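Just below is one structure, and these are the notes that go with it.
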Amino acid sequence: MDKIYNHKTTEEKIYSLWEEKGFFKPEVNPKGKPYSIILPPPNANAPLHFGHAMYVVEDILIRFHRMLGDKALWLPGADHAGFETQFVFEKKLQIEGKSRFDFEREALFGLIWDFVQGNRPVMEGQLKRLGFSLDWTRKKFTMDQDIVKIVHETFKNLFDDGLVYRAERLVNYCTYDGTSFSDLEVVYEERKNPLYYIKYGPLVLATTRPETKFGDTAVAVHPDDSRYQKYIGKEIEIETVLGKARIKVIADKFVDREFGTGVVKITPSHDFDDFEVAQRHKLPLVRVINFDGTMNEKAGKFKGLYVKQARKQVVEEMQAKGLIDKIDENYTHRIGLCYKCKNPIEPLPLEQWFVKTKPLAKEAIEVVKKGKIKIYPKSMEKLYLQFLENIRDWNISRQIVWGIRIPAFKCQDCGAWNVTEGEIREKCGKCSGNNLIQDVDTFDTWFSSGQWPYATLKTNYGHLRMGFHPEVVSQVYKGKTKTYRLRNHAFKVGDRVMFQNTKDKSIFGFGVITESKETTIEKIDYTDKTHFKTYSSLGELMDAFRLRNPDREVTPSTKAYLYAYEFHSLDELKHIPTDFDIFYPTTVMETGYDILRWWVARMVMLGIYMQKKLGEENAEKQVPFKNVVLHGLVNDPLGKKMSKSRGNVVNPLELLDQYGADAVRFALSYGTALGNDQSLSYSKLDAMRKFTNKLWNMARFIEFKAEGKLKPSNLALDELKQHAKHKNDKEIVEKTQKLAFKITRLLNAYDFNHAAQNLYDFAWHEFADIYIEDVKTRINENSFSVLSGTYLVLLKLLHPFMPFVTEEINHTLFGKDQYLIVSQWPIK
RNA sequence: GGACUUGUAGCUCAGUGGUAGAGCGCUUCAUUCACAUUGAAGAUGUCAGAGGUUCGAACCCUCUCAAGUCCACCA
């Protein structure tokens, strides 16, 4: 053994070994009870940031349960991150001197698709470097055809149940990015803007937005305001920059008598409060601002000006006409900005799809209150409930191309919306007209990721073996029978086999392995012919394919795709058991508390809804997961939030290079209570790197003492007791056993911090400082058994935290055929 | 405006009503022994402040102060 542990030469080698052996698959414990975690899918297009390294918590749980003998699944995936990704792509276009308007929708989509697919391996490679034991054979992408299909189904179900509706509502619209946003995507900033006191006939009112006055449909006062009683319900004549006009005075309690003059202009199309007032008083909507941020014809001579310019000019003219009473220049207020480009959000009336969230939220609240879903740490429960109790309807339309297009078709004859499960609708269901146009919008990304647990599990057939690649080496046609050559370790006789297209993940065949040779298994018998749609000729098949995929080039060599296509129907697959039947609800949903509302709450709402829809009556099975575990955020060494704009982002990969994955993992788990933020600490990383080296040298000592004569013992704790003759040997066995119980208890309670601290303290200050120093001088066969045996137990307990160094030591001391990752946890 | 989190050694942070803890840093000594060292010993605290409950409070309650985060957003 080298004097120093070298993580650089170890980590990649060990990871490939694990992956090749198939240890990341839950099937390594075929008889274990299911334990599952779905990885929160990182943005496919972006490299990982430090927050993602915190998913180490999930790897610890998965490795722990795999060693306990559970059928442990950790399912990876990637998110298309609709708006985020399109934003980045448009920046790239900008640098090339182009814009998204230079491309047709399909072309733009294709460009972004390639861009994302090109970048996706970066993120996946980083997850591997962290040592994450994800089952890569099951990875999913939010834009996979089968996932999209499920998203479509959910949407249609919600629509049919009246939980999705189309409405003209004010939306948070960014005129710069050309799309609307949900409430969560608007950031607020304190700004100093003049407050103008404008004369409205006999009244004076205060406003920051004089340019929107062309869209005023009323003036409001408080119903009890004695100053204005005589105007309520009357029309007043006002002088404006566009001439005389008449406007109604209404009374509404929302008016604050203390603010300004106690009089408010009502501009329903450009202010959220005014919109609600207008609904109550049945006032008309008059839009004066276009979606590109300019004024429209309602603004008369100000038409075509951008909002900012229009405001300036309107004010100047008002001053010239003596319509401004006074201006408060020191007025500060908070205005909504686009979270991405930081331009002001313009409230604009737009027809959008909304999810009626109240009934869904009610169920989501109940499952947590009843303990069907437990949230750790408990304090986060409030955050969750608070959001759901005050939830407003969710705008899921986005005016961008990069996303899942909404499967809704508007009849141009009768105006009815036809919602489908993704298929193209050509005939109106209401008036039978055949002039339908699909909505150009796409879904909010969180609408699809909100369905992630059931979507990923329903589209994985992991307990069937997956074919074509890498396990299928080649395929040969012999008359009517297709023969596949398979890698020898891939299949056993009797295995059910599924053939899946590696590119788009669609399924094109099922079979059972019927005959085995020594090294290859060749013959596959398709037992269930009903899955095949048969065509009389290849040409016919190709024609059918072309009809639905006009853009795709079809040649005889695309045959695999053709099959893939014909099998791509969930109806056909419904009776085929999927991972869903085994692993749903998942055991743990682990993520940062910052997306509790964005993501977790929505998964609960949509998850319960879809399960009930499918007739699941068992409340335990309606929820998408049983436990929610929330970790804190990682801040920079000064305690500031890492962000690109601050320029203080630390690339996790650099730290992996410098300190090794094990040290980084241990540092993140150690010294911070679950759910609390932590600051990146280089001294802690350094301490943990020293700890890996300490472990390594403990192994060196054992190897040294063996002198080639003594064989390290891999006996279980109870058996070790037989070899413990000396009182100190007896003591260390007992202490190790106690530690094992403690670590087990702490991991079951998601207390990673204390588990890590106990391991660190025991390994260094108990095992090394005291026991090894003691046993040094009295090594014999028995004490050596105890020394190596208890050390192996320690390695096992440490393995979920520090998988690489422990596995490498294990290989060196106990043999290359022994794998810690699939070894048995020291206690049951 | 509403809520949440945090405040403990020089720094980063654990702490479960019962003697105040770890890592890094600091001081002294030992050491080339499995250990880019490591080991032994040591110093360092008004547990943000005030009040209360309790036999007993860093921990429970109230208030104040400070830092941070989230939510709602009134012209």
Side-chain angles (χ1 to χ4, degrees), chain A residues 1-6 183-184 186-188 190 193 195-198 205-210 212-213 216 219-221 254-267 270-274 276-277 331 333-336 377 379-387 389-392 593-594 596-598 632-633 635 637-641 666-667 670-706 749 751 753-754 756-758 760-761 764-765 768-770 772-773 776-777 787:
Chain A
M1 284 174 88
D2 292 338
K3 202 169 174 185
I4 298 160
Y5 169 64
N6 186 342
D183 294 337
L184 289 173
V186 180
V187 294
Y188 289 86
E190 193 90 4
N193 281 321
L195 182 65
Y196 303 97
Y197 286 75
I198 302 172
L205 56 79
T207 181
T208 52
R209 302 206 57 184
T212 62
K213 67 172 295 180
D216 292 358
V219 168
V221 297
F254 106 99
V255 179
D256 178 359
R257 278 174 278 187
E258 307 299 319
F259 188 90
T261 57
V263 186
V264 190
K265 72 191 194 71
I266 302 297
T267 320
H270 300 292
D271 183 281
F272 288 101
D273 285 314
D274 294 2
E276 283 180 22
V277 173
Y331 180 68
H333 64 152
R334 290 163 66 78
I335 61 163
S379 57
M380 297 290 179
E381 208 178 282
K382 272 187 194 166
L383 215 66
Y384 172 91
L385 294 174
Q386 201 177 307
F387 170 67
E389 277 157 9
N390 302 309
I391 199 164
R392 296 205 289 179
Y593 67 81
D594 54 328
L596 180 66
R597 280 176 295 254
W598 295 71
L633 311 180
N635 293 325
L638 299 172
K640 299 271 179 244
K641 197 170 176 173
F666 210 72
Y670 182 104
T672 308
L674 185 68
N676 281 358
D677 294 351
Q678 60 179 313
S679 302
L680 192 63
S681 157
Y682 291 101
S683 63
K684 189 156 91 175
L685 282 164
D686 209 43
M688 295 314 159
R689 189 186 49 78
K690 284 183 183 165
F691 182 54
T692 56
N693 201 48
K694 185 76 182 175
L695 286 173
W696 181 255
N697 275 289
M698 286 154 73
R700 271 189 81 203
F701 173 77
I702 291 171
E703 193 191 41
F704 174 76
K705 285 293 173 192
D751 191 347
N753 166 41
H754 284 110
Q757 286 207 15
N758 275 286
Y760 182 95
D761 288 343
W764 202 313
H765 301 302
D769 289 353
I770 298 173
I772 289 187
E773 291 302 323
K776 234 175 210 178
T777 53
L787 171 68

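Hydrogens, waters and symmetry mates are skipped; everything else that's a heavy atom, side chains included, is used. Note that the structure is a prediction, hence the values are computed from the model and not measured. Throughout, a chain's letter reflects where its sequence line sits, starting with A, and its residues are numbered from 1.
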Could you work out which one of U5(B), U12(B), A34(B) sits closest to the side chain of Glu773(A)?
-> A34(B)
Supply the atom-to-atom distance Ile772(A) CD1 to Lys705(A) NZ, rounded to the nearest 0.5 angstrom.
-> 10.5 Å
Nearest-nucleotide wise, let me know which of Phe272(A) and Gln757(A) is further upstream toward the 5' end of RNA chain B.
-> Gln757(A)
Which part of the nucleic acid does Lys776(A) contact within heavy-atom distance under 4.0 Å: base, sugar-phosphate only, or nothing?
-> base
Could you grab the distance from atom CZ of Phe387(A) to atom CZ of Arg597(A), nearest 0.5 Å is fine?
-> 7.0 Å
Rounded distance (Å) that lies between atom C1' of A3(B) and atom CG of Leu596(A) = 14 Å
Using a heavy-atom cut-off of under 4.0 Å over every strand shown, decide if Asn390(A) touches base, sugar-phosphate, or nothing.
-> nothing
Does a side-chain N-to-carboxylate-O contact under 4.0 Å join Asp686(A) and Arg689(A)?
-> yes
So what does His270(A) touch, heavy atoms closer than 4.0 Å: a base, only the sugar-phosphate, or nothing?
-> nothing
Checking A34(B), C24(B), U12(B) against the side chain of Ala687(A) (C-beta onward), the nearest is C24(B)
Asn753(A) side chain reached by Thr672(A) side chain, heavy atoms, under 4.5 Å = no
Closest to side chain of Ser379(A), choosing from A34(B), U5(B), G23(B) = U5(B)
Please state how far atom CG in Leu383(A) lies from atom C1' in A3(B), giving the value in whole angstrom units.
-> 9 Å
Toward the 5' end of RNA chain B, by each residue's nearest nucleotide, Lys382(A) or Trp764(A) = Lys382(A)
With a non-hydrogen cut-off below 4.0 angstrom, is Asp256(A) in contact with a base, only sugar-phosphate, or nothing?
-> base
Closest to the Asn693(A) side chain: A14(B), A36(B), A34(B)?
-> A36(B)
In whole angstrom, what separates Met688(A)'s CE from U12(B)'s P?
-> 16 Å
A67(B) C1' sits how many Å from Asn635(A) CG, rounded?
-> 13 Å
Side chain of Arg597(A) - closest among C70(B), G15(B), U12(B) | C70(B)
Out of A36(B), A34(B), C74(B), whichever nucleotide has its closest atom nearest the side chain of Asp271(A) = C74(B)
Identify which nucleotide among C73(B), G23(B), A34(B) has an atom closest to any side-chain atom of Tyr670(A), counting heavy atoms from C-beta outward.
-> G23(B)
Among A3(B), C74(B), A34(B), the one nearest Gln386(A) by side-chain distance = A3(B)
Remember a base hit wins even if backbone is also touched, and classify Tyr331(A) as base, sugar-phosphate or nothing at under 4.0 Å, heavy atoms.
-> sugar-phosphate
Listed nucleotide nearest any side-chain atom of Tyr188(A), set G39(B), C73(B), A34(B) | C73(B)
Pair partner, C11(B) [Watson-Crick or wobble, under 3.5 Å] = G23(B)
Could you check whether Asp769(A) gets within reach of a base, just the sugar-phosphate, or nothing at all, counting any heavy atom under 4.0 Å?
-> sugar-phosphate
Approximate separation, where rounding is to 0.5 Å, of Thr261(A) OG1 and Tyr197(A) OH = 7.0 Å
Where the side chain of Ala673(A) is concerned, which of A40(B), A14(B), C73(B) is the nearest nucleotide?
-> A14(B)
Report the distance from atom NE2 of His765(A) to atom C1' of U38(B), rounded to the nearest whole Å.
-> 12 Å
Can you find a pair of side-chain heavy atoms, one from His333(A) and one from Asn193(A), that are under 4.5 Å apart?
-> yes
